[in-house]
Protein chains: 2
Amino acid sequence: MNQPDILQALISENLVSDPAGARGRLLHEAARLFRDKGYERTTVRDLAAAVGIQSGSLFHHFRSKEEILKAVMVETIRLNTALMQAAVEEAETPERKLRALVRAELESINGQTGEAMAVLVFEWRSLSEASQKEVLELRDIYESLWLDVLGTLREHSNLQADPFVVRRMLTGALSWTVTWYRPERGGLSLDGLTDQVMAMLGFAVPA
Amino acid sequence: MNQPDILQALISENLVSDPAGARGRLLHEAARLFRDKGYERTTVRDLAAAVGIQSGSLFHHFRSKEEILKAVMVETIRLNTALMQAAVEEAETPERKLRALVRAELESINGQTGEAMAVLVFEWRSLSEASQKEVLELRDIYESLWLDVLGTLREHSNLQADPFVVRRMLTGALSWTVTWYRPERGGLSLDGLTDQVMAMLGFAVPA
DNA sequence: GACAATACCAAGCAAGCGCTTGGTTTGTAA
DNA sequence: TTACAAACCAAGCGCTTGCTTGGTATTGTC
């Protein structure tokens, strides 16, 4: 299943909002604003203005400002978990599975869902503890994908370091690309960047 | 020169505030609060209460709340640049220099200056653009330390990936440890963690 | 012991915040 | 046409925010 199909499937299951609908458009604008200005500095008036309604009207769709932040995070994780799962299944060797994961995460961070992924990383503390717990459970599925692949590589001695540590290091390293990676100017493509990450981990770049 | 001596030297040059003084104590508490609650969620009343004065009295020491954030960042960079410089000079081979840098950065993030380093990473956007520019200039010195060492390793073919990319990946990976690394419970020491990072990069762990 | 300079307090202002309220428009289906 | 819910507006409430102001202790210096 390709990327648009996966998105479509999630929309029809009501797990992700349709980007064309009112709710989806708001979440997209919210992600952009939260990334650019931070959650706290973004006012409900900013959010409302971004989709062309009055600030009070927001509360017809969401009970609170925090619920908007949570929705951004939850829907992003749902989408990216599905995309990652597909990417892993398509690859055949453990090394190619790892490459697929790295590539997919780089894409989620620097591509279409980039704004929302940045929010997930940098606005985490703005979530209430109750919401944090909910979101963390969703992340577990996502993370187990990584740990399975890294664990297999470790067994085959293709990895010198501990899988848990490597995953956490990669989380930081890949997330951080959002602060500096600009594919448009400078030449390094997403595939090129993926190669660099694999090379850093000691895996040869395929010809 | 050891760590306390370096700190003392910076204090006497007025580049870093004495932690025992009023200003230094405030900056320390500010770093802690900013890390725990975020800059925006921390009020000047919180800051004042943490050092036992009235909120208005803060503005005798700092012109604005943002100036406090900036001071936290500037002083942290000054201190850690000095510590890194010393660490690199002491090591003799390029590989050992890299290890010294990794170890020093992990220590700065997870040790005494950890609160302030976390602020530097996560509250960056809360700085005004003018302040960001100032702080960025200070970071350049710091970063050139890394690029020199990584560049040398690259020339000696001990590094497969591009030094600029590796440094940026390491920035993310090492910063991110602040979100998960808890030395007290779990066993992995700072040296052990440093070994893991080096292993991940394909460098053998010294016996 | 006089006298600045420094450090602080008590009170509060103006602006901006998230959110509520009561009422109006719009879409949908019988 | 009627009925009704969903979507939205206009206005503003109550509270918190960063910061100011005018005055009072505290400290260091000769």
Side-chain angles (χ1 to χ4, degrees), chain A residues 11 14 17-73 119 123 125-132, chain B residues 11-12 14 17-73 119 123-132:
Chain A
I11 291 172
N14 257 333
S17 305
D18 189 340
R23 187 185 151 99
R25 275 212 333 279
L26 173 70
L27 288 181
H28 191 263
E29 290 298 318
R32 196 179 52 80
L33 283 166
F34 289 164
R35 187 199 55 177
D36 289 349
K37 320 206 310 173
Y39 172 76
E40 303 288 345
R41 294 176 101 94
T42 304
T43 70
V44 292
R45 288 164 178 83
D46 292 334
L47 292 169
V51 291
I53 60 174
Q54 291 296 107
S55 66
S57 306
L58 277 184
F59 296 89
H60 180 73
H61 300 278
F62 297 91
R63 251 173 305 201
S64 67
K65 184 186 168 191
E66 199 222 336
E67 201 176 281
I68 299 176
L69 177 62
K70 184 174 139 190
V72 167
M73 293 185 174
V119 170
E123 306 299 332
R125 272 173 328 180
S126 296
L127 268 192
S128 70
E129 276 194 43
S131 301
Q132 283 190 10
Chain B
I11 291 172
S12 63
N14 257 332
S17 306
D18 189 339
R23 186 184 153 100
R25 275 211 333 277
L26 173 70
L27 288 181
H28 191 263
E29 290 298 318
R32 196 178 52 80
L33 283 166
F34 289 163
R35 185 198 56 178
D36 290 348
K37 320 208 307 175
Y39 172 76
E40 303 289 345
R41 293 176 103 93
T42 305
T43 70
V44 293
R45 287 165 179 81
D46 292 335
L47 292 170
V51 291
I53 60 174
Q54 292 296 106
S55 66
S57 306
L58 277 184
F59 296 88
H60 179 73
H61 300 278
F62 297 90
R63 252 175 304 206
S64 68
K65 184 187 170 192
E66 199 223 335
E67 202 177 281
I68 299 175
L69 177 62
K70 186 173 136 192
V72 166
M73 293 185 173
V119 170
E123 306 299 332
W124 181 250
R125 272 174 328 182
S126 296
L127 268 192
S128 70
E129 277 195 43
S131 301
Q132 283 189 10

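From a predicted model like this one, the values you see are computed outputs, not experimental measurements. Residue numbers start from 1 in every chain, and the chains themselves are labelled A, B, ... in the order their sequence lines are given, proteins ahead of strands.
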Check: residues 43-57 of chain B side-chain donor-acceptor pairs under 3.5 Å, at least two apart:
| unit_1 | atom_1 | unit_2 | atom_2 | d |
| --- | --- | --- | --- | --- |
| B:T43 | OG1 | B:R45 | N | 3.3 |
| B:T43 | OG1 | B:D46 | N | 3.0 |
| B:T43 | OG1 | B:D46 | OD2 | 3.3 |
| B:D46 | OD2 | B:K37 | NZ | 3.0 |
| B:D46 | OD2 | B:T43 | N | 3.1 |

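Distance, A:H61 NE2 to C:dC19 C1': 15 Å, rounded to whole Å. Computed from coordinates, the A:F62 CZ to C:dG18 P distance equals 15 Å when rounded to whole Å. In this entry the distance linking CD of A:E40 with P of C:dG16 reads 18 Å, nearest Å. Spacing between atom NZ of B:K65 and atom P of D:dC19 amounts to 8 Å, rounded to whole angstrom units. Summarising the geometry, the separation between NE2 on A:H60 and C1' on C:dG27 is reported as 12 Å, rounded to the nearest angstrom. As a whole-Å value, the separation of A:L58 CG from C:dC17 P is 14 Å.
A pairwise comparison of heavy atoms in B:S64 and B:F59 identifies CA-CE2, 4.0 Å as the closest pair. Contact record, B:E67 with B:H61: OE2-O, 4.5 Å, taken as the closest heavy-atom pair. Minimum heavy-atom separation, A:V119 to A:A31: CG2-O, 3.5 Å. Smallest separation of non-hydrogen atoms from A:S131 and A:L127: CB-CD2, 3.8 Å. Summarising the geometry of A:T42 relative to A:G38, their closest heavy-atom pair is OG1-O, 2.7 Å, with the distance given to 0.1 Å.
In this structure, the separation between CD1 on B:I68 and CE on B:M73 is 12.5 Å, given to the nearest 0.5 Å. In this structure, the separation between CD on A:Q132 and CZ on A:R125 is 10.0 Å, given to the nearest 0.5 Å.
Residues of residues 44-54 of chain A having a heavy atom closer than 4.0 Å to DNA chain C, listed by number: A:V44, A:R45. Proximity of residues 23-39 of chain A to DNA chain C (heavy atom under 4.0 angstrom from any strand atom) is not detected for any residue.
No side-chain heavy atom of B:K70 sits less than 4.5 Å from a side-chain heavy atom of B:S128. With a 4.5 Å cut-off on side-chain heavy atoms, B:S126 and A:R41 count as touching. Counting only heavy atoms from C-beta outward, the side chains of B:P19 and B:L27 never approach each other to under 4.5 Å. The shortest side-chain heavy-atom distance between B:F62 and B:L26 falls under the 4.5 Å cut-off.
For the helix from C:dG1-D:dC30 to C:dA30-D:dT1, the angle separating the two terminal helix axes comes to 20°, with each axis derived from five pairs and the value rounded to 10°.
Checked by atom type and distance alone, the side chain of A:Y39 pairs as donor or acceptor with a backbone atom of A:E66 at under 3.5 Å.
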Within the sub-3.5 Å range, which N or O atoms of nucleotides 3-5 of chain D have a protein N or O partner, and how far apart are they?
none

Under 3.5 Å, which N/O atoms of the protein pair with N/O atoms of nucleotides 20-26 of chain D?
none

- prompt: What do the steps show when you test A:K65 against A:L69 for side chain to side chain contact (heavy atoms under 4.5 Å, CB included), and what is the final call?
  reply: CA-CA 7 Å; A:K65 184 186 168 191; A:L69 177 62; over 6 Å; no
